[in-house]
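Residues take their numbers from the sequence shown, with the count starting at 1.
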Amino acid sequence: MSDTFLPGSGFDTYEQQDKVLVGLCGGTGCKAAVRILQQQGFAVMGAVVRLCTDDPVVDAAKEAAKALGIECITLNASELASQLAEETAAPADLRFPALLAAADRLGIQYIATGHHARVETDPEGVSRICPAADPASDESAALAALPQETLGRLILPLGDFSPEDVAEMAAE
């Protein structure tokens, strides 16, 4: 445990906490995901991935982070693509590599998003995407191709909740 207190670092605590970098978009799902992670004891920091120059998601995510009382960084997907040697990847495919690269630079173990799915790890340590508890909101198919490296660090806090529960949590 470090005695150093760094104001504005986003993780101002004298207790040891697991840290998580949450991909924000400004929607209710992301807000609820942040609250769930905070209630579970995580030190939460937000990140928004800018996919184009005038991306309205960036402003929405920054406003959401301010309302939630967390720090939010902006990641430029095109710059990260060249750093990660993934120029051929479609912009939407860059969100998870961007979050992982930023988490690594910041010394953060986990990443999270507001997707409605679950990650389960078997006894051998292999992580898999599983459907959300509510079949109507399930987004597991969109995440099925994520590599094991990503799945091992991914937290999906909304997978056990219905959209109504998520909206209620976000409103609080």
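- For the pair I73 and A102, the tightest heavy-atom approach, listed with the atom from each and the gap, is CD1-CB, 4.3 Å.
- Using a 4.5 Å heavy-atom threshold, the side chains of V22 and L99 count as separate.
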For a quick test of your reading: what N or O donor-acceptor pairs under 3.5 Å do the side chains of residues 129-147 make, sequence neighbours left out?
{"from": "D134", "atom 1": "OD1", "to": "A136", "atom 2": "N", "distance (Å)": "3.1"}
{"from": "S137", "atom 1": "OG", "to": "D134", "atom 2": "O", "distance (Å)": "3.2"}
{"from": "D138", "atom 1": "OD1", "to": "A132", "atom 2": "N", "distance (Å)": "2.8"}
{"from": "D138", "atom 1": "OD1", "to": "S140", "atom 2": "N", "distance (Å)": "3.1"}
{"from": "D138", "atom 1": "OD1", "to": "S140", "atom 2": "OG", "distance (Å)": "3.0"}
{"from": "D138", "atom 1": "OD2", "to": "S140", "atom 2": "OG", "distance (Å)": "2.8"}
{"from": "E139", "atom 1": "OE1", "to": "H116", "atom 2": "N", "distance (Å)": "2.6"}

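- Taking all atoms of both residues into account, the shortest heavy-atom contact from L75 to A98 is CD1-O, 3.6 Å.
- A chain of hydrophobic side-chain contacts below 4.5 Å, direct or via other Ile, Leu, Val, Met, Phe, Trp or Tyr residues, connects L156 to V49.
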All N/O donor-acceptor pairs, side-chain side in residues 107-115, below 3.5 Å, sequence neighbours left out:
{"from": "T113", "atom 1": "OG1", "to": "H115", "atom 2": "N", "distance (Å)": "3.4"}
{"from": "T113", "atom 1": "OG1", "to": "H115", "atom 2": "ND1", "distance (Å)": "2.7"}

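- In the hydrophobic clustering of this structure, L21 groups with V119; members are Ile, Leu, Val, Met, Phe, Trp, Tyr whose side-chain heavy atoms approach within less than 4.5 Å, directly or through other members.
- L68 and M169 are assigned to two separate hydrophobic clusters, defined by single-linkage of ILVMFWY side chains at heavy-atom distances under 4.5 Å.
- Screening residues 147-156 for side chain to side chain donor-acceptor pair (under 3.5 Å) gives D104-R153 as the qualifying pairs, with residues at least two apart or on separate chains.
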**Criterion side-chain contact (heavy atoms from CB on, under 4.5 Å) on V58 and R50, from CA distance to verdict** = CA-CA 6 Å; V58 174; R50 177 181 292 145; 3.9 Å; yes
Anything under 3.5 Å between a donor and an acceptor, one on a side chain of residues 23-48, the other on a protein residue two or more places apart or in another chain? List them.
{"from": "R35", "atom 1": "NH1", "to": "Q38", "atom 2": "OE1", "distance (Å)": "2.6"}

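- Within the structure, the side chain to side chain donor-acceptor pair (under 3.5 Å) test picks out the following pairs touching residues 55-67 (sequence neighbours left out): K62-T74.
- Using a 4.5 Å cut-off between side-chain heavy atoms of Ile, Leu, Val, Met, Phe, Trp and Tyr, with links allowed through other members, F96 and L106 fall into the same hydrophobic cluster.
- Qualifying side chain to side chain donor-acceptor pair (under 3.5 Å) partners for D122, counting only residues two or more places apart in sequence or in other chains: R128.
- Note that CD1 of I155 and CG of L151 are 12.5 Å apart. Values are rounded to the nearest 0.5 Å.
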